[in-house]
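Everything on this sheet refers to the single structure shown next.
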Amino acid sequence: MENQRGHVIVLPYPAQGHINPLLQFAKRLASKGLEATFATTHYTVKSIQATTVGVEPISDGFDEGGFKQAPSVKAYLESFKTVGSRTLAEIIVKYKDSDSPVCCIVYDSLLIWALDVARQFGIYGAAMLTNSASVCSMYWQINQAILEKFGCLNKIDWVFCNSFEELEDELVKAMLGLWPLVMIGPMVPSAYLDQQIAGDSAYGASLWKQTGDECIRWLDKKPENSVVYVSFGSMTDIAAKQAEQIALGLKASNKSFLWVIKDNENKLPVEFVNSIGETGLVVTWCNQLEVLAHQAVGCFITHCGWNSILEGLSLGVPMVAVPQWSDQPTNAKFVEEVWKIGVRVRKDENGIVIGEELKMCVNEVMDGEKSKEIKRNASKWRELAKKAVSVGGSSDRNIDEFVAKMLKAEG
Ligand code: UDX
């Protein structure tokens, strides 16, 4: 049957740093005329707000509490594979005789079993990488332990990467012919890149409760480029010792700060909390895009999760890189040495960033010798990111090619 309207299922791994870019991709496909259905777990489905894409629950076997209910990571992944494959197949069957049968599954590259489901129905399968292309190629070349994730990349129809060609140009050339790699990012809502934030402009998924517009009202009172924004993403819990040193560093820097600390119970020294006053605001979760896009923010102390890096880079915010684990040290290296949009902290022998070091890095990025060059580069990359996703830009063209193929595909 000739497909009336290409229909793509987008399947995220159910964590904040994965849902955001995949949901944004689904919205972008829908804006280009495809039907997109976002299939996510029962536990996360209630946090999805999307008017232009369909939303369908699938099961990971832990519908009440999600991942936290599972006895181990291994048990969770096995259950997700078994129950997820079955419920994903049910969605495909549901649309089989409609006028828009599913013709492709775009799945988070962690969920390789989705490719088997696609093949079972004879439809396209595309993986989406939520790390940078450089990090993924490194894992692919050197790390046997996660080979399974990458083992099938040469058998897939497309490997989408949340990055853009100009950002990782050498790598993209080096991977030519090895993977069907397609750069489609940054998956930052276009409204933020255009600085016209309104309506359905956010990612549309927050697994934690955001602090209303308190952050924005507070930022509104601060001068341009004067505030340090601190966040370590959704997965990293920083130790009390490290939190104490960050507090010392922020105080010593004499800058205003907005600090997201998800689990701040008893971590912050009482004297620090009592002395904050109007200088700082500590919250448990915020709308990070809105904060980074605010003109008062002049520096981003980040754990270097890939989404945070892309968001900071796309919004032109200079960074202090405090990487923790997995891809973050590599991202930090690129921030400091390749894109030159920030500096990376040095840790002490116990792996802690002491307050004095943090203060020095913040001052270097905001007012120090390197600050002018860093700000110039940050503006340059902001423009390149915007160009990549604007009409005719490298990522936009790549998405158009995929959409054209989907519009012709058989469901
Ligand atoms: C994880 C890994 O840590 C990271 O290294 C990997 O690249 C992706 O998966 P996470 O630690 O959550 O992700 O960091 P990040 O990739 O930065 O994603 C966090 C997301 O949460 C961002 O999109 C950010 O905008 C959002 N966020 C964060 C908020 O909306 N509010 C906050 O207060 C903090």
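The figures that follow rest on heavy atoms only: side chains count, while hydrogens, waters and symmetry mates do not. Every number for a ligand or one of its atoms is a count from 1 in the order of the listing.
- Scanning the protein for heavy atoms near atom 12 (O) of ligand 1, the closest one is Ser234 OG, 2.4 Å.
- Ligand 1 has at least one atom lying under 4.0 Å from a heavy atom of His18.
- With a 4.0 Å cut-off on non-hydrogen atoms, Val283 does not touch ligand 1 at all.
- Where the criterion is an N or O separation shorter than 3.5 Å, residue side chain and backbone included, Gln328 meets it with respect to ligand 1.
- Residue contact check for ligand 1: His303 places a non-hydrogen atom closer than 4.0 Å to it.
- Ranking the protein heavy atoms by distance from atom 13 (O) of ligand 1 puts Gly17 CA, 4.0 Å first.
- Salt bridge annotation for Glu78-Lys74: present, with a cationic side-chain nitrogen under 4.0 angstrom from a carboxylate oxygen.
- Within the 4.0 Å heavy-atom cutoff, Leu289 does not count among the residues contacting ligand 1.
- Residues Phe80 and Trp113 place their aromatic rings such that the two centres sit under 6.0 Å apart.
- At a heavy-atom distance under 4.0 Å, atoms from both the backbone and the side chain of Asn307 approach ligand 1.
- Residue contact annotation: Cys286 has a non-hydrogen atom under 4.0 Å from ligand 1.
- Residue-environment remark: NZ (Lys251) stays at or below the threshold of 12 foreign heavy atoms within 6.0 Å.
- Under 4.0 angstrom from ligand 1, the non-hydrogen atoms of Gln16 all belong to its side chain.
- Ranking the protein heavy atoms by distance from atom 29 (C) of ligand 1 puts Trp285 CZ2, 3.3 Å first.
- By the 30° and 60° cut-offs, the orientation of the rings of Phe402 relative to Trp158 is perpendicular.
- Ranking the protein heavy atoms by distance from atom 26 (C) of ligand 1 puts Asn20 ND2, 3.9 Å first.
- Residue contact check: Asn131 has heavy atoms under 4.0 Å from atoms 6 (C), 7 (O) of ligand 1.
- Listed by number with element, the atoms of ligand 1 under 4.0 Å from a non-hydrogen atom of Met235 are 1 (C), 11 (O), 12 (O).
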For a quick test of your reading: what N or O donor-acceptor pairs under 3.5 Å do the side chains of residues 347-354 make, sequence neighbours left out?
| from | atom 1 | to | atom 2 | distance (Å) |
| --- | --- | --- | --- | --- |
| Lys347 | NZ | Pro323 | O | 2.6 |
| Asp348 | OD1 | Asn350 | N | 2.8 |
| Asp348 | OD1 | Gly351 | N | 3.2 |
| Asp348 | OD1 | Ile352 | N | 2.9 |

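- With a heavy-atom cut-off of 4.0 Å, Glu311 touches ligand 1 through its side chain alone.
- The distance between the ring centers of Phe62 and Phe67 does not fall below 6.0 angstrom.
- At a heavy-atom cutoff of 4.0 Å, ligand 1 is contacted by the side chain of Ser231 but not by its backbone.
- Residues passing the side chain to side chain donor-acceptor pair (under 3.5 Å) test with Lys267 are Asp263, sequence neighbours excluded.
- The protein non-hydrogen atom at the shortest distance from atom 17 (O) of ligand 1 is Ser308 OG, 2.5 Å.
- Close approach to Asp327 involves these atoms of ligand 1, each under 4.0 Å from a residue heavy atom: 4 (C), 5 (O), 6 (C), 7 (O).
- The pair Lys221-Glu278 counts as a salt bridge, with a side-chain nitrogen and a carboxylate oxygen less than 4.0 angstrom apart.
- Relative ring orientation between Tyr13 and Tyr76 is described as perpendicular, the plane-to-plane angle rising above 60° on a 0-90° scale split at 30° and 60°.
- Paired with Cys161 under the rule side-chain contact (heavy atoms from CB on, under 4.5 Å), one option of Ile184, Val182, Leu181, Asn131 passes, and it is Leu181.
- Taking all atoms of both residues into account, the shortest heavy-atom contact from Thr40 to Pro12 is OG1-CG, 3.7 Å.
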